[in-house]
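Notes follow the structure.
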Amino acid sequence: MSAMSADPTSDYSHLLSPFQVGPMKLKNRVMLPPHASAIGNIFGTDEEAERNIAYYVSRARGGAAWFDSLSAWVPNTGMIPGFEPTGVGATVQGHYSLPFFVERVQGYSDALHAEGAVATGQMVHQGGMPHGASPVLSAPVINTVPHRLDREEIAYFVGQYEFCAKQAQAARLDGVELHMNHDDLLEYFLSPLTNKRDDEYGGSIENRCRFPVEVLRAIRDVIGSSMVIGVRLNLREEVPGGYDLDGAVEIAQYLESTGLVDYFHGVVGSPWGNPSYIQPHFFEAGQWADLAGRFKRAISLPVVHTGRINHPDVAERILAAGHADVVGMARAHIAEPEIIEKTRTGRVDEIRPCVGGNECISRRYVENLPFGCAVNPTTSNEIDGPWPTVTDPKRVLVVGGGPAGMEFAALAREKGHDVELWESSTVLGGQLRTAINAPTYDKFAEYLEWQQRRLERVGVKVDLEHTATRSEIENADFDVVAVATGSTRRIPDIPGVYGDNVADIRDVLSGEATVGKRVLIIAQDDHMPPLSLADHLTERGSEVTLVYATQTAGQLLGRYIVGAILGRLDDKGVQYRFMEDVVEITPTGVITRNVYSGRTYEVDGFDNVVLACGGIGDDVLYESLKNGPAATGDGEVHILGDAYAPRRLVFATRQAYALAKLV
């Protein structure tokens, strides 16, 4: 699709066209499904709620029509005294019964309505914590056996959903969506995997749907026809024994026949597996749209489809093919708040691409760090208002054109400063330029291209093949110098590490080093690089074994991304050795030592050993500058990104944002 069309809307005629779901009128076909609990908790402090609403208002101003973004938990008080729920969905009070629920959600609804958008809210009761249809497991990675609900308890929860409907109505929402997927209590009743009952709530499709239908009827009795009711449903279950697409169609057709439902929201994935329902970059954009289309053709109600729909072109293709009536786009809006407005006004090439690395959810729930989007550090900071401009521009030098340097240079220039960027190599991108040679990293490459266009558009003066020196910088008299010189490779202190059979991840990915058939990777990195290296090598015909001193691979990869790469590598025959530290590299392998018992092993029969051991901050230039004239006079000298301490893309861009706010 061309962003240069005379009428940019003609290329996206389906995406930008209005649509109606029950009584709810949409100005276009874009929904934002729930995704902002990490960005700002609307049910947390006043400041957190304000941050959450500010985020969504900015996306409404950016053109999105439908915000199904309020994910709220049904009260879970039907437990014996003293029972403590654990795991996902471990809640007692829930959200709908909070004393400030109505007031908070009214603020959310009113703010979105003021921007011409509609707002719906999910009702979530993720099961097994402790409730379920039967005392069986729903997944091979979740070993918490649920309590089997009896008839009285089922009736109690129907009453809880009825209460939630009253709260939603009072909160001025336009509708509600029942969460019947991803280990929800209602899914546990629908699924033949988790429903083994022999009473009126198990067995036939009518019986398995009985509890969900009772809930739907209770909600409809409250809201009448003034609000929509939707059902979010897995298009298939990912565990053997669960339902497939035909099963999803059977469920949807039965629920449709009750006349209680206005739309279905069809998704793919589990909360833990391959794919997860938040699919990372190892999958194609819109990969399951055809599945949604087959589902849509089997029912008559509108269908929303969510599943790595990361660009207007992908959305338009899905809608034009008739695979869905509305598309859900969450991470695309995290990365680019104006994605719809830029589409409408012919600025598609300015849309900041989502790379699908899932830092937006992993770092918050794995590392307990604040929310961060890898490519857009302004996301979650909408509460601060527009990016400021200065009245007294400074001369700013950025040394190093990796992700940190590029982002800082762009932000400083957008603030109004006169910015130069010096990069010693022939291209911008730093280590990310090397990483994009791994399979499925095409969106990271697009991000670098987008960032280069941004630097050109805002007027940053970029000088390539320019190796900065202390004397040159001091003589240039810049007001601010930001040193973002990246990192050097880390070579662990292991006997044999400089042998002819040893290579480094950077050289292998860049093509400067070649390896043989059997390759052993020393993995001293808790995130993606060693696994992506294995992916790269197997694509080229190598047989790969990874050695980790940890108990598992990728300790900092969240459950929404790790299954994809581990499943992909298992399909390709990759082997692992865990809890083993490499203590020597031999000409044909390594000697390892179990980190707990101290027992040693000889691991032999390899052509090459490749180091995936991270980097060391290259702070030489910064150290030479920080006590020199550039720092002791009127100038400022700063260090950021990997030059300070090597981390990931999201750390680099967030540091750039933090520094740009100060200059």
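Index from 1, following the sequence.
Ile142 has its side chain within reach of Asp183: a pair of non-hydrogen atoms, C-beta onward, lies under 4.5 Å apart. Contact annotation: the side chain of Trp73 approaches that of Gln126 to within less than 4.5 Å [non-hydrogen atoms, C-beta and beyond]. Side-chain atoms of His311 and Val348, non-hydrogen and from C-beta on, do get closer than 4.5 Å to each other. Between Leu611 and Ile505 the shortest side-chain heavy-atom distance does not fall below 4.5 Å. Side chains of Trp66 and Val30 form no contact here, defined as non-hydrogen atoms less than 4.5 Å apart. At a threshold of 4.5 Å between non-hydrogen side-chain atoms, the residues Val590 and Leu520 count as touching. Within the 4.5 Å cutoff, the side chain of Val304 has no heavy atoms near those of the Val327 side chain. Met579 has its side chain within reach of Tyr596: a pair of non-hydrogen atoms, C-beta onward, lies under 4.5 Å apart.
With hydrogens and angles left out, the side-chain atoms of Glu187 and Thr194 include no donor and acceptor closer than 3.5 Å. Using a 3.5 Å distance cut-off with no hydrogens or angles, the side chains of Glu177 and Tyr263 do pair a donor with an acceptor. With no hydrogens or angles considered, a side-chain donor-acceptor pair links Arg331 and Asn358 at under 3.5 Å. For the residue pair Arg506/Thr488, the side-chain donor-acceptor check at 3.5 Å is not satisfied. The closest side-chain donor-acceptor pair between Gln524 and Arg490 falls under 3.5 angstrom. Under 3.5 Å, the side chains of Asn594 and Tyr601 contain no donor-acceptor pair of N or O atoms. In summary, the side chains of Arg568 and Thr538 do not present any donor paired with an acceptor at a separation below 3.5 Å, with no hydrogens or angles considered.
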**Request:** Show your reasoning for whether side chain to side chain contact (heavy atoms under 4.5 Å, CB included) applies to Val268 and Glu238.
**Result:** CA-CA 8 Å; Val268 166; Glu238 304 299 324; 3.7 Å; yes
**Message:** Walk me through whether Tyr55 and His35 qualify under side chain to side chain donor-acceptor pair (under 3.5 Å).
**Reply:** CA-CA 11 Å; Tyr55 165 80; His35 64 273; 2.7 Å; yes
**Message:** Walk me through whether Arg232 and Asp184 qualify under salt bridge (charged side-chain N to carboxylate O under 4.0 Å, His left out).
**Reply:** CA-CA 10 Å; Arg232 179 159 159 139; Asp184 195 281; over 6 Å; no
**Request:** Would you sort out whether Glu539 and Lys572 count as a salt bridge (charged side-chain N to carboxylate O under 4.0 Å, His left out), showing the intermediate values?
**Result:** CA-CA 9 Å; Glu539 290 282 289; Lys572 299 163 85 171; 2.9 Å; yes
**Message:** For a salt bridge (charged side-chain N to carboxylate O under 4.0 Å, His left out) check, start with the C-alpha distance between Arg51 and Glu48, then their side-chain angles and the critical distance, and finish with the verdict.
**Reply:** CA-CA 5 Å; Arg51 184 176 299 275; Glu48 287 175 321; over 6 Å; no
**Message:** Working note: Leu533 + Leu537, criterion side chain to side chain contact (heavy atoms under 4.5 Å, CB included); need CA distance, chi angles, decisive distance, verdict.
**Reply:** CA-CA 6 Å; Leu533 172 62; Leu537 290 171; 4.1 Å; yes
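The pair Arg648-Glu367 meets the salt-bridge criterion, with a side-chain N (NZ, NE, NH1 or NH2) lying under 4.0 Å from an Asp/Glu carboxylate O. Lys342 has no carboxylate O lying under 4.0 Å from a charged side-chain N of Asp349, or vice versa, which leaves the two without a salt bridge.
A cation-pi arrangement is found for Arg363 relative to Phe651, the charged atom lying closer than 6.0 Å to the ring centre and inside a 45° cone about the ring normal.
Under the 3.5 Å distance criterion, the side-chain polar atoms of Thr545 are left unmatched by any main-chain donor or acceptor of Tyr576. Looking at Lys517, its side chain never comes within 3.5 Å of a backbone N or O of Glu543 through a donor-acceptor pair. Between the side chain of Asn28 and the backbone N or O of Gly63 there is at least one donor-acceptor pair closer than 3.5 Å. Looking only at distances, a side-chain donor or acceptor of Arg59 sits under 3.5 Å from a matching main-chain atom of Ile334. Using a distance-only test at 3.5 Å, with no hydrogens or angles considered, a donor-acceptor pair links the side chain of Gln287 to the main chain of Glu284. Asp525 places no side-chain N or O within donor-acceptor distance of the main-chain N or O of Cys613, the cut-off being under 3.5 Å. Thr550 contributes a side-chain N or O that, together with a main-chain N or O of Thr552, makes up a donor-acceptor pair within less than 3.5 Å. Formation of a donor-acceptor pair under 3.5 Å by the Ser487 side chain with backbone atoms of Pro646 is not found in this model. Of the possible polar contacts, none joining the Glu237 side chain to the Val239 backbone as a donor-acceptor pair under 3.5 Å is found. Between the side chain of Gln122 and the backbone N or O of Asp68 there is no donor-acceptor pair closer than 3.5 Å.
Residues Pro337 and Asn376 share a closest heavy-atom pair of CD-ND2, 3.8 Å. Here the closest non-hydrogen pair linking Val355 and Arg308 is O-NH2, 4.1 Å. Closest approach of Asn310 and Ala285 over heavy atoms only: OD1-CB, 3.4 Å. Closest heavy-atom contact between Gly589 and Val609: O-CG2, 4.0 Å. The two residues Pro312 and Thr343 make their nearest non-hydrogen contact at CG-OG1, 3.1 Å. The minimum heavy-atom distance linking Ile436 with Arg433 is given by the pair CG1-O, 3.1 Å.
Ring pair Phe444/His281 is perpendicular by interplanar angle, where above 60° counts as perpendicular and below 30° as parallel. Using a 30° and 60° split on the angle between ring planes, His179 and His182 fall in the perpendicular class, above 60°.
Checked against a 6.0 Å centroid threshold, the rings of Trp272 and Tyr277 do not count as neighbours. Ring pair Phe189/His131: centre-to-centre distance not below 6.0 Å. Trp288 has its ring centre less than 6.0 Å from the ring centre of Phe283. When ring centroids are compared, Phe264 and His305 stay outside the 6.0 Å threshold.
With sequence neighbours left out, the side-chain hydrogen bond (donor to acceptor under 3.5 Å, both in side chains) criterion links Tyr365 to Ser37. When the salt bridge (charged side-chain N to carboxylate O under 4.0 Å, His left out) test is applied to Asp325, the partners found at least two apart in sequence or on another chain are Lys296.
Within the model, atoms CG of Leu649 and OG1 of Thr653 stand 5.0 Å from one another, a figure rounded to the nearest 0.5 Å. Atom NE2 of His125 is separated from atom CG of Leu186 by 8.5 Å, given to the nearest 0.5 angstrom. Distance check, rounded to the nearest 0.5 Å: CD of Gln575 to CD1 of Ile521 gives 12.5 Å. One distance of note links CZ of Arg654 with CZ of Arg647; it measures 14.0 Å at 0.5 Å rounding. To the nearest 0.5 angstrom, Phe282 atom CZ is 4.0 Å from Met528 atom CE. Taking CG of Asp244 as the start and CG of Leu235 as the end, the distance is 11.5 Å to the nearest 0.5 Å.
In Tyr644, the OH atom is not crowded: 12 or fewer heavy atoms of neighbouring residues, nucleotides or ligands sit closer than 6.0 Å.
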